[in-house]
Amino acid sequence: MKILVLKQEEMEQIITMKEAIEADKEALRVYSEGGADIPLRANLNVPEYEGQSLYMPGYAASSKALGVKIVSVYPNNIEKGITSVPASMVLLDAETGMVNCIMDGTHLTKLRTGAVSGAATDLLAKKDSSVFLLIGTGGQAESQLEAVLCVRPIKKVYVSDISLDRATEFAKNMSGKFGEKYGVEILAIDSPNTVVPEADVITTVTTASSAVFDGNLVKEGGHINAVGSYTPQMQELPETALLKADLVYVDTRDGVLNESGDFLNPIKAGKFDSEKDLTGELGELVAGKVPGRDNDSQISVFETTGSAVLDIVVAQKIYENAVGKVGVEIDI
Ligand SMILES: NC(=O)c1ccc[n+]([C@@H]2O[C@H](COP(=O)([O-])OP(=O)(O)OC[C@H]3O[C@@H](n4cnc5c(N)ncnc54)[C@H](O)[C@@H]3O)[C@@H](O)[C@H]2O)c1
């Protein structure tokens with residue numbers, strides 16, 4: 001059995017953000033049309049080492065994508081000088097069931113998560129969007145930034161975080177990496193609310209437990225991607241923004257309506273009706289089954305909690321691009 005092993009640098013060489021965005025659109029379309037088998041995540045506790053190991057399997061026939069992402073949470077690893085959240089993606093050949101590739105799962109998560117916001121922005125933001133506000137400058141922020149820069153003619157990016165130092169450092173690094181490439185100015189700011197009224201696109205990617213900006217200030221025609229809230233206790237999207245949105249989409253109903261405080265809190269308070277007020281899944285929009293933006297004054301919101309379907313379809317694309325070009329092949 002031959003297994004291709006791919007490191008982050010090799011993955012970066014052989015897939016562009018644009019390709020990842022298109023792969024995510026396809027993954028969500030297939031998911032929404034019932035063409036993907038995505039079982040519940042299996043969680044194993046390893047109390048002896050205070051660890052937890054999570055297994056996220058999936059199969060999408062149309063992409064021949066079959067695999068499992070393994071993510072572990074081992075807080076004590078930090079004392080050993082290694083990551084506390086190691087992650088790997090294991091891909092199988094759908095025709096034979098043989099493992100054919102192992103790749104860096106942390107990089108895959110960043111890529112497919114940035115790309116899903118890129119997909120939503122591509123499908124929903126006004127075509128002439130030029131000002132982008134990114135709130136949260138942690139591990140996921142870089143791919144969130146690049147994805148939006150890829151799909152809209154952004155000229156100015158404001159970045160904000162509860163740690164101004166982190167936002168400032170991020171703005172400096174990203175100016176070096178993307179400033180010239182995308183012809184964009186990237187500035188750290190102290191308070192997001194000063195620029196919310198001018199932002200065409202807003203992405204929140206934080207670990208916050210309450211709204212990270214004032215939703216009343218969102219401009220007509222604005223588009224919001226909310227990425228960080230994956231438990232009922234976490235919330236970053238202001239309720240006011242959700243309630244004033246004309247168009248509301250999720251990556252998966254199952255994930256968002258069971259896990260995200262951004263939706264569960266307004267639903268619990270009787271202010272948001274998941275039947276009536278939710279426009280649909282993004283995959284339904286890709287498939288043309290629900291309406292999209294039809295004028296430049298509508299406000300749109302996209303919420304993602306992530307899904308294994310994004311992992312397997314993007315990973316399969318990376319594998320197909322990589323074969324014979326990059327990586328190390330091992331024979332077992
Ligand atoms: N939707 C998905 O598929 C998906 C995938 C991966 C990660 N995530 C989630 O996205 C979130 C961010 O991930 P990360 O790896 O970048 O985390 P991280 O811990 O590296 O960074 C989070 C950043 O948010 C900032 N922050 C926290 N509260 C804030 C607030 N109130 N206002 C402004 N900034 C605030 C922190 O200072 C930090 O810089 C996490 O909740 C993570 O679980 C979602």
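Because the structure is a prediction, the values reported are computed rather than measured. Note that ligands are numbered from 1 as they come in the structure, with each ligand's atoms numbered from 1 the same way.
Taking distance alone, with nitrogen or oxygen atoms compared against 3.5 Å, Ser163 stays at or beyond that limit from ligand 1. Checked against a 3.5 angstrom limit, the closest N/O atoms of Gly136 and ligand 1 fall outside it. For ligand 1, the polar-atom distance check against Ile162 finds a nitrogen or oxygen pair separated by under 3.5 Å. Looking at Arg112 next to ligand 1, an N or O pair under 3.5 Å apart turns up. Residue-to-ligand polar distances place Val227 within reach of ligand 1: an N/O pair is separated by less than 3.5 Å. Considering backbone and side-chain atoms alike, Asp161 places an N or O below 3.5 Å from some N or O of ligand 1. For Gln140, a nitrogen or oxygen atom sits less than 3.5 Å from a nitrogen or oxygen atom of ligand 1, counting backbone and side chain alike. Polar contact with ligand 1: present for Arg166 (N/O pair, distance under 3.5 Å). Residue Gly228 has at least one N or O atom closer than 3.5 Å to an N or O atom of ligand 1.
Comment: Glu320 does not engage Lys317 in a salt bridge, judged by the lack of any side-chain N to carboxylate O separation of less than 4.0 angstrom. Between Glu169 and Arg166 there is no salt bridge, since no side-chain nitrogen of the basic residue lies less than 4.0 Å from a carboxylate oxygen of the acidic one. Between Glu142 and Lys177 there is a salt bridge, with a side-chain nitrogen of the basic residue lying less than 4.0 Å from a carboxylate oxygen of the acidic one. Remark: Arg152 does not engage Asp128 in a salt bridge, criterion side-chain N to carboxylate O under 4.0 Å. Lys110 and Glu146 are not joined by a salt bridge, as no carboxylate oxygen comes within less than 4.0 angstrom of a charged side-chain nitrogen.
Proximity annotation for atom 4 (C) of ligand 1: of Thr113, Thr204, Thr231, Val256, Thr113 comes nearest, heavy atoms only. Nearest-residue assignment for atom 27 (C) of ligand 1 (options Thr137, Asp165, Thr207; heavy-atom criterion): Thr207.
With sequence neighbours left out, Asn45 forms a side-chain hydrogen bond (donor to acceptor under 3.5 Å, both in side chains) with Gln52. Taking Asp190 as the reference, nothing meets the salt bridge (Lys or Arg N to Asp or Glu O under 4.0 Å) condition, with sequence neighbours excluded.
Using a 4.0 Å cut-off to heavy atoms of Thr305, the atoms of ligand 1 that qualify are 1 (N), 2 (C), 3 (O). Every atom of ligand 1 is numbered from 1 in the order shown, and the set under 4.0 Å from a heavy atom of Thr304 is 1 (N), 3 (O). Heavy-atom proximity to Val212, at under 4.0 Å, picks out these atoms of ligand 1: 30 (C), 31 (N), 32 (N). For ligand 1, the atoms closer than 4.0 angstrom to any heavy atom of Met234 are 41 (O).
Remark: the Glu19 side chain and the Asn321 side chain contain an N/O donor-acceptor pair separated by less than 3.5 Å. A donor and an acceptor atom, one from each side chain of Asp161 and Ser163, are nowhere located under 3.5 Å apart.
With respect to atom 12 (C) of ligand 1, the closest heavy atom belonging to the protein is Val205 O, 3.7 Å. Ranking protein heavy atoms by distance to atom 24 (O) of ligand 1, first place goes to Thr206 CA, 3.5 Å.
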